[in-house]
Amino acid sequence: MSKWRVNTEHRFLNLSDITLGTYNLHDSYNTAALVGPLFRELQDRGNLDYVLNIMEPLQRAVINMQARGMLRSREALENYRKEVRDGLNQTDKVILAADPTGELKKPTGKYPNGIGSSQRLGKFLFGTLEFKSTKTTDKGLDSTDQEALGRILKGFRKKDEPHRQVLESIFHRSRLRTIQQRYLNLEAGSDGRVRAQVKMYGTKTMRFAYADPPLQQFPLELRHIFISRPGYLFLQVDYSQLEARILAYLSGDLPSITTFLENKDVHQENACDLFNYSQEDWEQLDSGLPKPTRNFAKSFLYGISYGGEVETMKTKTFCPCPKCAPHMPPTLKLKKTEMKEASDRWHRKHFRVRDWQAEIAEGVRKKHYYQSPMGCRRWIAKPWGPDLDREVKNLPMQFGGALIMNQRQVELDRMEAPIVLQMHDSFLLEVPEDQIDHWASEVKGVMEQPVQGLGDVSLPCDVEVGLNWRDMKPWMG
DNA sequence: CCCGTTGGCGCA
DNA sequence: TGCGCCAACGGG
């Protein structure tokens with residue numbers, strides 16, 4: 001059953017030919033009359049060249065990409081559906097058995113029980129089970145999200161132990177329910193291919209957005225349901241640390257620029273600075289810098305370099321249930337004072353960043369637009385405030401990254417590169433097996449071309465190949 | 001910190 | 001039935 005069904009009974013379709021003709025005439029005339037003023041406005045606002053040179057040909061590229069679509073494996077999808085269904089039956093059984101009031105058993109409009117209602121779940125956790133709430137929603141209700149559940153589990157005492165399985169089930173359920181409802185209902189064509197809607201003009205930063213389904217947000221663990229057709233492979237080429245590099249070059253942050261030019265891992269380097277390690281400290285370890293340390297440095301860097309305060313920064317909580325926990329990446333927890341020190345240390349070393357951001361914000365505040373060196377202008381009409389300030393401080397990186405990607409996609413489309421997906425900093429292609437080497441070097445070549453707006457530096461890419469979208473392996477050419 | 005999409009819920 | 005809120009997922 002299609003979500004988009006044409007209503008052939010619509011009154012508009014039953015109007016007389018002369019009425020429809022007259023309507024169409026007016027419609028066409030008035031649309032055509034807009035062209036002149038529209039072009040003039042684009043010119044006045046400094047975006048005509050970008051629209052003509054990039055956005056116009058990009059439309060063709062997007063149409064081609066959308067038409068290709070992605071093949072979904074019916075079998076993999078079915079297997080996953082069953083797994084999720086079984087998992088939900090199990091979690092719900094555990095949760096409902098723990099509620100003596102029976103309040104959670106009452107159905108909601110759509111679902112046979114009320115676990116999905118955050119209000120009722122909150123009453124269960126903080127009323128019936130008497131846990132202490134440590135987090136509220138914007139409206140002041142007790143939060144039941146993953147972070148809140150994680151905090152409850154962290155503060156567990158002996159007397160709480162009987163409820164451990166219930167808490168873990170609630171956590172596990174929230175993820176499963178999202179996957180089931182949002183990502184397992186796929187509309188595929190008769191050829192088994194999913195063609196998502198690509199929104200070219202929807203975002204503030206000129207990134208693309210996908211809908212029906214939202215492919216850019218597809219959970220990593222079930223991306224394997226998208227497979228390449230027989231005789232073909234997926235080829236993925238992605239920029240390494242795209243925004244971090246743009247930040248370094250635009251702000252003139254010499255320590256980071258040096259790291260990038262020497263082809264070192266910037267997150268590893270940041271991690272050493274943040275935790276006060278010397279190079280020798282971690283080089284002595286067998287496996288190099290521990291992964292959790294590097295991961296922490298990575299998200300920490302994004303947080304602080306976009307104006308985040310250490311006091312309000314949070315780390316993702318992973319599912320603590322016995323089934324998931326062994327597969328989840330280890331995490332690192334730091335004290336607030338340690339994080340504050342780390343942040344100060346980072347800003348001292350990368351002292352250009354804050355000054356440069358202040359200059360950007362000041363310019364935007366005066367001119368009401370941000371001019372990207374990558375050739376497009378973003379107009380901003382909102383009254384200034386702390387939120388807009390941070391938004392503007394993020395703009396050069398996210399906007400700039402998107403502009404680079406758009407320009408490269410136009411070029412790749414002209415070469416008829418079989419792109420099936422654009423993922424913010426990477427392209428996914430579906431190519432014949434015997435053409436992998438060809439397209440790997442072609443795509444990498446285009447993406448690594450010098451960026452004019454960035455002092456002609458090249459942004460390096462990594463290449464991966466695989467039979468499905470999840471299990472991609474590095475490609476050495 | 002920034003940028004997004006989406007389904008369910010509960011209330012007007 | 002329309003709408004704000006909540007919570008989940010991803011990218012940097």
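Numbers restart at 1 for each chain; the letters A, B, ... are given by sequence-line order, proteins then strands.
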J.: Can you measure A:K204 atom NZ to B:dT5 atom P for me and round it to whole angstrom units?
T.: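 It is 11 Å, rounded to the nearest whole Å.
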
J.: Kindly point out which of C:dG12, C:dG10, B:dT6 is positioned nearest to the side chain of A:L220?
T.: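 Output: C:dG10.
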
J.: For a quick test of reading the model: is some side-chain N or O of A:S174 closer than 4.0 Å to OP1 or OP2 of C:dA8?
T.: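 Yes, such a contact exists.
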
J.: Which part of the nucleic acid, if any, lies within contact of A:R207, taking any heavy atom under 4.0 Å across all strands shown: a base, the sugar-phosphate backbone alone, or nothing?
T.: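 Base contact.
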
J.: Is A:S143 touching bases, backbone alone, or none of the nucleic acid, heavy atoms closer than 4.0 Å?
T.: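 Sugar-phosphate, backbone atoms only, no base.
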
J.: What does A:Y111 touch in the nucleic acid at a heavy-atom separation under 4.0 angstrom: a base, only the sugar-phosphate, or nothing?
T.: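 The residue A:Y111 makes sugar-phosphate contact but no base contact.
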
J.: With sugar-phosphate meaning primed atoms plus P, OP1 and OP2, does A:K199 contact a base, only sugar-phosphate, or nothing at under 4.0 Å between heavy atoms?
T.: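 Sugar-phosphate only.
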
J.: How many whole angstroms separate atom CG of A:L149 from atom C1' of C:dA7?
T.: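 Distance check: A:L149 CG to C:dA7 C1' gives 11 Å.
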
J.: Are any of A:K139's side-chain N or O atoms less than 4.0 Å away from OP1 or OP2 of C:dC5?
T.: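 Negative; the distance criterion is not met.
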
J.: Less than 4.0 angstrom from a charged side-chain N to a carboxylate O is my criterion; do A:R294 and A:D265 meet it?
T.: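 So A:R294 pairs with A:D265 through a salt bridge.
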
J.: Quick one: label A:Q398 by what it contacts on the DNA or RNA (base, sugar-phosphate, nothing), any heavy atom closer than 4.0 Å.
T.: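 Touches a base.
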
J.: B:dG8 C1' sits how many Å from A:D145 CG, rounded?
T.: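 For the pair A:D145 CG and B:dG8 C1', the rounded distance is 16 Å.
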
J.: Under 4.0 angstrom, heavy atoms only, what part of the nucleic acid is A:R223 near: base, sugar-phosphate, or nothing?
T.: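 Sugar-phosphate contact only - A:R223 comes under 4.0 Å of backbone atoms but never of a base.
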
J.: May I ask you to say what A:Y302 touches in the nucleic acid, namely base, sugar-phosphate or nothing, with a heavy-atom cut-off under 4.0 Å?
T.: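 Base contact.
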
J.: Please report the distance, rounded to the nearest Å, between CG in A:D138 and C1' in C:dC6.
T.: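 In whole Å, C:dC6 C1' and A:D138 CG are 9 Å from each other.
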
J.: Between C:dA8, B:dC11, B:dT5, spot the one nearest the side chain of A:Q119, thanks.
T.: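 In terms of side-chain proximity for A:Q119, the closest of C:dA8, B:dC11, B:dT5 is B:dC11.
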
J.: Are OP1 or OP2 of C:dC9 and a side-chain N or O of A:Q146 less than 4.0 angstrom apart?
T.: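 Answer is yes, contact under 4.0 Å.
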
J.: Of the options C:dG11, B:dC2, C:dC6, whose atoms approach the side-chain atoms of A:N394 most closely?
T.: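 It is B:dC2.
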
J.: Should A:K349 and A:D253 count as an ion pair when the cut-off is N to O under 4.0 Å?
T.: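 Salt bridge between A:K349 and A:D253, a charged N being under 4.0 Å from a carboxylate O: no.
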
J.: I need the CD-P distance between A:Q180 and B:dG7, as an integer number of Å.
T.: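 After rounding, the reported distance stands at 13 Å.
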
J.: Tell me whether the OP1 or OP2 atom of B:dC3 has a side-chain N or O from A:T203 closer than 4.0 Å.
T.: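 For B:dC3, neither OP1 nor OP2 has a side-chain N or O of A:T203 closer than 4.0 Å.
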
J.: Out of B:dC9, C:dC6, C:dC9, which has the shortest distance to the side chain of A:T108?
T.: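 For A:T108, the side-chain atoms sit closest to B:dC9.
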
J.: Check this for me, if you would: do A:K105 and A:D99 make a salt bridge, where the nitrogen-to-carboxylate-oxygen distance has to be below 4.0 angstrom?
T.: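 Salt bridge absent between A:K105 and A:D99.
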
J.: Considering only NZ, NE, NH1 and NH2 on the basic side and carboxylate oxygens on the acidic side, decide whether A:E411 and A:R408 come within less than 4.0 Å.
T.: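 Here A:E411 does not pair with A:R408 in a salt bridge, since their nearest N and O are not under 4.0 Å apart.
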
J.: Taking the basic N atoms (NZ, or NE/NH1/NH2) and the acidic carboxylate oxygens, is any pair closer than 4.0 Å for A:E362 and A:K366?
T.: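 Between A:K366 and A:E362 there is a salt bridge, with a charged N closer than 4.0 Å to a carboxylate O.
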
J.: Under 4.0 Å, heavy atoms only, any strand: does A:I304 hit a base, just the sugar-phosphate, or nothing?
T.: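 The residue A:I304 makes no contact with any strand.
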
J.: When you check the phosphate oxygens OP1 and OP2 of C:dC9, does a side-chain N or O of A:R175 lie under 4.0 Å from one of them?
T.: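 True: A:R175 side-chain N/O within range (under 4.0 Å) of C:dC9 OP1/OP2.
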
J.: Rounded off to whole Å, could you give me the CG-to-P distance for the A:L88 and B:dG7 pair?
T.: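 Result: 17 Å.
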
J.: Of the nucleotides C:dG10, B:dT5, B:dG7, which has the atom closest to the A:A211 side chain?
T.: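 Nearest listed nucleotide: B:dT5.
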
J.: Just to confirm, is there a sub-4.0 Å distance from OP1 or OP2 of B:dG4 to any side-chain nitrogen or oxygen of A:T205?
T.: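 So the side-chain polar atoms of A:T205 never come under 4.0 Å of the phosphate oxygens OP1 or OP2 of B:dG4.
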
J.: Would A:D389 and A:K393 pass as an ion pair if we require N to O under 4.0 Å?
T.: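 The answer is yes: the pair qualifies as a salt bridge.
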
J.: What nucleotide among C:dA8, B:dG7, B:dC2 has an atom nearest to a side-chain atom of A:R390?
T.: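 Per side-chain heavy atoms of A:R390, the pick is B:dC2.
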
J.: Is A:K316 near enough to C:dC9 that one of its side-chain N or O atoms lies under 4.0 angstrom from OP1 or OP2?
T.: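 Answer yes for this pair, as a side-chain N or O of A:K316 is under 4.0 Å from OP1 or OP2.
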
J.: Need one value for A:K314: base, sugar-phosphate or nothing, where a base atom within 4.0 Å counts as base even if backbone is also close, heavy atoms only.
T.: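 The residue A:K314 makes no contact with any strand.
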
J.: What nucleotide among C:dA8, B:dC2, B:dG4 has an atom nearest to a side-chain atom of A:A209?
T.: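 My answer, after comparing the listed nucleotides, is B:dG4.
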
J.: Under 4.0 Å between a side-chain nitrogen and a carboxylate oxygen: does that hold for A:E147 and A:R151?
T.: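 Yes, charged N to carboxylate O under 4.0 Å.
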
J.: NA contact type, A:T144, heavy-atom cut-off 4.0 Å: base, sugar-phosphate, or nothing?
T.: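 If one applies the 4.0 Å heavy-atom cut-off, A:T144 turns out to touch the sugar-phosphate alone, with no base involved.
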
J.: For A:E243 and C:dG11, what is the distance between atoms CD and C1' respectively, to the nearest whole Å?
T.: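 Checked: the CD to C1' distance equals 8 Å.
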
